[in-house]
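Comments concern the structure below.
Please read these numbers as outputs of a predicted model, since none were measured by experiment. Quick note: numbers below take in every heavy atom, side chains included, and nothing from hydrogens, waters or symmetry partners.
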Amino acid sequence: MKVFEYIVLSLALALPVLLTLRASADKVRVRLSRGLFVSFVIAFEQSLLVLLGMYLGNLLRFDIPEYDNLVFLGLFVVVAIRMFIQAFRKAEKADAAVFDISRLPTVLLMGVAIGTNTLFVGLGLGFRASVGQDSLAVSLPLAVSVFLLGYLGIMLGRQHKDMHRRRWLLIATLFLLLYAIKGAVDA
């Protein structure tokens, strides 16, 4: 059951990446082979960021379950509030940030910029899970979902397909809150 929970968490973190890459591919045309590379780089960076967050969380945890669970829940709620605010921005500011994904340095920095939520989620997970035991169970579903949804975003952007940004951000927020509440109840 824990792997299914990590899949839900990885989908919550991959949906904003989908929206950002769709907007970037809509403005900057790239070949699909380049899109595969961009998706792979972003997926690799997201996996590294969640593992870094888990490592830092393991270092900072109190080893008192009541406090660790509160920090876990607090960090997840902060990320959910950030996503919720992004979903309800005004129409002129609601568009996703657009990056020039045809350049490798921009792609590397974009992966870090859109990975702040992933880092905070990893930090929260580090207060509940051990990086030594759960690193593969967390990073593998995240890498696969970010790779697949990122590439889907690039394909949709190349075709200039519209996506309801608010709807997808609210779904990501719901998945994140479901995981946080399930984690808080299981404690």
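Here the closest heavy-atom approach between residue Gly57 and residue Leu123 is recorded as N-CD1, 3.5 Å. Of all the heavy atoms in Leu104 and Arg34, the pair that sits closest is N-NH2, 3.4 Å. Heavy-atom minimum distance, Val138 versus Pro141: O-CD, 3.6 Å. Among all heavy-atom pairs drawn from Arg158 and Arg29, the shortest one is O-NH1, 3.1 Å.
At least one side-chain heavy atom of Phe88 sits less than 4.5 Å from a side-chain heavy atom of Leu170. Contact annotation: the side chain of Leu176 approaches that of Val121 to within less than 4.5 Å [non-hydrogen atoms, C-beta and beyond]. Counting heavy atoms from C-beta on, the side chains of Leu11 and Ile171 never come closer than 4.5 Å. Counting heavy atoms from C-beta outward, Val146 and Leu13 have side chains that stay 4.5 Å or more apart. Contact check for Gln86 versus Thr173: no side-chain heavy atoms found under the 4.5 Å cut-off. Between Pro16 and Met83, some side-chain heavy-atom pair lies under the 4.5 Å cut-off. Here the side chains of Leu21 and Leu149 are not in contact, with every heavy-atom distance at 4.5 Å or above. Residues Asn58 and Arg61 form a side-chain contact, since some pair of their non-hydrogen atoms from C-beta on lies under 4.5 Å apart.
Note that CG of Leu70 is 11.0 Å distant from CD1 of Ile64, once rounded to the nearest 0.5 Å. To the nearest 0.5 Å, atom CE of residue Met155 and atom CG of residue Leu18 are 10.0 Å apart. To the nearest 0.5 Å, atom CG of residue Leu178 and atom CG of residue Leu9 are 11.5 Å apart. Once rounded to the nearest 0.5 Å, the distance linking CD1 of Ile42 with CE of Met110 reads 3.5 Å.
Val78 and Leu49 fall into different hydrophobic clusters, where Ile, Leu, Val, Met, Phe, Trp and Tyr residues are linked whenever their side-chain heavy atoms come under 4.5 Å apart, directly or through other members. Grouping the Ile, Leu, Val, Met, Phe, Trp and Tyr side chains by contacts below 4.5 angstrom, directly or via other members, places Phe4 with Leu148.
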**Asked** side chain to side chain contact (heavy atoms under 4.5 Å, CB included) between Glu5 and Asp186: does it pass, once the steps are laid out?
**Response** CA-CA 12 Å; Glu5 294 170 3; Asp186 284 348; 4.2 Å; yes
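A donor-acceptor pair under 3.5 Å links the side-chain atoms of Arg128 to the main chain of Gly183, judged by distance alone. The main-chain N or O of Phe62 is found under 3.5 Å from a side-chain atom of Asp68 such that the two form a donor-acceptor pair. Checked by atom type and distance alone, the side chain of Arg166 pairs as donor or acceptor with a backbone atom of Ala87 at under 3.5 Å. Looking only at distances, no side-chain donor or acceptor of Ser145 sits under 3.5 Å from a matching main-chain atom of Ala14.
The ring-ring contact (aromatic ring centres under 6.0 Å, His included) analysis of residues 131-179, with sequence neighbours excluded, yields the pairs Phe76-Tyr179. Sorted by first and then second residue, the side-chain hydrogen bond (donor to acceptor under 3.5 Å, both in side chains) pairs with a member in residues 35-55 read Gln46-Thr118; sequence neighbours excluded.
For Lys161 and Asp26, the salt-bridge test fails: no basic side-chain N is under 4.0 Å from an acidic carboxylate O.
With sequence neighbours excluded, no residue forms a ring-ring contact (aromatic ring centres under 6.0 Å, His included) with Phe127.
A side-chain donor-acceptor contact under 3.5 Å links Thr116 and Arg82.
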